[in-house]
**Q** 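Let me begin by handing over the structure; questions about it come next.
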Amino acid sequence: CPLSLSVPPFPVCAPFPCLCLFPRLCPLSLVCAPFPCLCSVSLFVPPSLLDVKNAFKVLMFPDNYIFQTLTQEEKMEWIQAIDTTKQMHKYMEDTQKRTSSHDKKSKMNKDSLSVDWLKDVPEDLDVFLAQRDFEAAVQLVQKTRDYLSSLQHTQAVQDIRNRVESRVKQICQQLIGELQATGTAGKGNASAVRRVVLMLVQLGRSTKACELFLKNRSRVIDHHIRQLKIEGKATLYITRLSSSFFCGLMESADEFKKAFSGNNDNSSAFVVWCLEELQNFVHRFTQQVFGGGNTLSVVAECVHTTAQFCHKMTEVGMELTFQLRSLMYDEVIKCLTDSSTHLCDKLHHRNELEDWVTDDWSADPPLVTRLIRDMTDFGFEDFSDFFADPTNIPLSHATLLFCQSAVSYYNDSMKLYFPRVLTSLMSGITTVFQCEVEILKNAIANRKFASKRKFILDNAVVVNKLLALLQTNMERDVGAVPESLIKLHQALEQTS
């Protein structure tokens, strides 16, 4: 078929059925004999092709062919027809693959669901429930779930899953009953509770398991606390109470880690539970310590002991000291204020009976020993010199008792100290020393004691030295000294 073109002849080949090339120039119509694979056919439309209009190129590896139409419209129709045919061919291939894959999976599912043990799972679970063999039941449920998860989701698979899950609800109900009926004492209780909790977690009921676990631990802690007898000194009871409570919390933390290892979703619930239990503990503590008319020394010792036990919670990764202090804050402030007021009242009462004479402590050697030890520990190293002759101590009885009371108040206050109570603590100490300084000033100015002025000034020197040591200790212990205490020291120094 010769071509009447001013260009070299094109390769003559029609790769598509009934594709006529240049019908007006060629007397024959060419019909393709071969049918190439559409996936190897690519269409290329260059902007210009050897000055041939309405031409397009078809690439069929390893060859390529150029075709021409009479008009631009016919060219676009051919291009669209080729693209549409390729898309339809691809769609039919994909559909055939999906159908084949679905048929294959359906056949595999059908074969997988026909295994003997899977058919008997609901009945086997019923038997395990009747025998109360919960471990075997949970293992079978886990095995069935894992097996069904590997299969395609079909109605048959869903039916089996529903039958299994209905048994799971029965298992959970019986496990919950077991956990609620568990006793509150003994190591066997802890292992039994952990066993039930672990099975509930495996069955996907971790939230319910955590709730029941924490309720059980609350009963255990409350049971141990109720076994304590409220007798003897308050410090002894508080030591036992704190030991029982915080040891119970530490044991609960250990059991929680064992029961919920690898499951951190319930950690926040455990923290909230600890804070609630701490509130209950502080309520019981307050009734016994702050509401029992105890002295500052007893209160300070109880609070200090409890804080030490609370600090041990850091061994299991929990810090509850801040919450403990916050819950006791109001009572501690009230205790410090009341104690300083009570001490000032005692100082004024002693002053009314004071004659400013030397004192005799020879009748109570243990008291002398304790006072010298306390003053030496406070930093008053030469205080023992005043007791060279216990029958004739060159200090008044009121001054000696003030030194003892002031040092005791400071030491007890330091046991109650934390940053939030610093202002109240400083205020209480300042109030106590201000009261004593006023007593000394009044005694020096009182004409009744004019003949004893030198003796009173000697007492003032001792109080002033104690005040200086107090400032040093406060700077060391809390890092600050109130301005009012510094001014009080300067005023007493000028007086003495």
Side-chain angles (χ1 to χ4, degrees), residues 190 193-194 197 206-207 209-225 228 234-235 237-290 299-336 411-426 474 476-480:
V193 170
R194 191 189 320 128
V197 168
S206 62
T207 302
C210 180
E211 177 186 347
L212 295 174
F213 170 83
L214 296 178
K215 286 182 178 180
N216 179 270
R217 292 307 307 173
S218 294
R219 292 198 301 270
V220 171
I221 293 175
D222 185 66
H223 171 77
H224 288 310
I225 289 177
L228 300 175
T235 52
Y237 172 74
I238 293 301
T239 300
R240 294 174 179 172
L241 176 65
S242 300
S243 175
S244 177
F245 174 73
F246 287 106
C247 288
L249 281 189
M250 294 177 67
E251 182 182 351
S252 299
D254 291 335
E255 289 296 325
F256 184 85
K257 291 178 180 179
K258 294 177 183 177
F260 297 93
S261 59
N263 187 348
N264 297 324
D265 296 338
N266 299 303
S267 298
S268 58
F270 180 76
V271 173
V272 172
W273 172 81
C274 285
L275 296 179
E276 291 175 351
E277 291 297 315
L278 185 63
Q279 289 178 351
N280 296 333
F281 167 79
V282 171
H283 177 71
R284 183 178 275 109
F285 178 93
T286 300
Q287 290 179 330
Q288 296 297 324
V289 177
F290 295 109
V299 172
E301 187 63 30
C302 291
V303 172
H304 182 67
T305 300
T306 301
Q308 287 180 325
F309 278 104
C310 183
H311 184 69
K312 291 184 179 180
M313 289 296 296
T314 56
E315 297 176 5
V316 293
M318 297 195 67
E319 175 56 72
L320 298 178
T321 305
F322 177 79
Q323 286 75 14
L324 177 68
R325 289 172 172 173
S326 297
L327 293 171
M328 292 184 177
Y329 172 75
D330 293 335
E331 296 294 339
V332 169
I333 294 296
K334 183 176 181 298
C335 182
L336 287 171
N411 292 334
D412 294 337
S413 299
M414 285 299 103
K415 292 181 180 179
L416 297 173
Y417 167 73
F418 56 93
R420 286 185 64 188
V421 303
L422 179 59
T423 302
S424 298
L425 186 148
M426 288 182 171
M474 288 192 70
R476 178 197 64 200
D477 296 334
V478 301

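Owing to the predicted nature of the structure, the values given are computational and were not obtained by experimental measurement.
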**Q** Can you give me every donor-acceptor pair (side chain of residues 308-323, partner residue at least two apart or in another chain, under 3.5 Å) with its distance?
**A**
from, atom 1, to, atom 2, distance (Å)
Gln308, NE2, His304, NE2, 3.3
Thr314, OG1, His311, O, 2.7
Glu319, OE2, Thr321, N, 2.9
Glu319, OE2, Thr321, OG1, 2.6

**Q** What are the two closest heavy atoms between Val197 and Ala259, and how far apart are they?
**A**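 Looking at all heavy atoms of both residues, the shortest contact is CG1-CB, 3.7 Å.
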**Q** Could you grab the distance from atom CG of Asp412 to atom NZ of Lys415, nearest 0.5 Å is fine?
**A**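 So the gap between those two atoms works out to 6.0 Å.
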**Q** Side chains of residues 280-288: which donor-acceptor pairs under 3.5 Å do they make with residues two or more places apart or in other chains?
**A**
from, atom 1, to, atom 2, distance (Å)
Asn280, ND2, Glu276, O, 3.4
His283, NE2, Gln287, NE2, 3.3
Thr286, OG1, Val282, O, 2.7

**Q** Determine, stepwise, if the pair Ser252 / Phe270 fulfils side-chain contact (heavy atoms from CB on, under 4.5 Å).
**A** CA-CA 9 Å; Ser252 299; Phe270 180 76; 4.3 Å; yes
**Q** Without placing hydrogens or testing angles, list every side-chain donor-acceptor pair under 3.5 Å for residues 418-426, not counting sequence neighbours.
**A**
none

**Q** Hey, could you give me the CD/OG1 distance between Glu301 and Thr306, rounded to the nearest 0.5 Å?
**A**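 So the CD of Glu301 and the OG1 of Thr306 are separated by 10.0 Å.
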**Q** Could you please spell out the steps behind the side-chain contact (heavy atoms from CB on, under 4.5 Å) verdict for Val303 and Met328?
**A** CA-CA 9 Å; Val303 172; Met328 292 184 177; 4.3 Å; yes
**Q** Starting from the C-alpha separation in whole Å, work towards a yes-or-no answer on side-chain contact (heavy atoms from CB on, under 4.5 Å) for Tyr417 and Val478.
**A** CA-CA 9 Å; Tyr417 167 73; Val478 301; 3.7 Å; yes
**Q** Does Arg194, at its CZ atom, have more than 12 non-hydrogen atoms belonging to other residues, nucleotides or ligands within less than 6.0 Å?
**A**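 More than 12 heavy atoms, drawn from other residues, nucleotides or ligands, come within 6.0 Å of this atom.
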**Q** Going through the distances and angles, do Leu278 and Leu324 end up as a side-chain contact (heavy atoms from CB on, under 4.5 Å)?
**A** CA-CA 7 Å; Leu278 185 63; Leu324 177 68; 4.1 Å; yes
**Q** Nearest 0.5 angstrom please: Ser268 OG to Asn266 CG, how far?
**A**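 Separation between the atoms: 7.0 Å.
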**Q** Could you pull out the closest heavy-atom pair between Ser206 and Phe260, with the gap in Å?
**A**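 The pair with the smallest heavy-atom distance is O-CE2, 3.8 Å.
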**Q** At what distance, to the nearest 0.5 angstrom, does OG of Ser243 lie from CD1 of Ile238?
**A**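 Output value for this atom pair is 12.0 Å.
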**Q** State the CH2-CZ distance between Trp273 and Arg217, to the nearest 0.5 angstrom.
**A**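 Here the interatomic distance stands at 6.5 Å.
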**Q** Hey, could you give me the OG/CZ distance between Ser244 and Arg240, rounded to the nearest 0.5 Å?
**A**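 Between Ser244 OG and Arg240 CZ, I get 11.5 Å after rounding to 0.5 Å.
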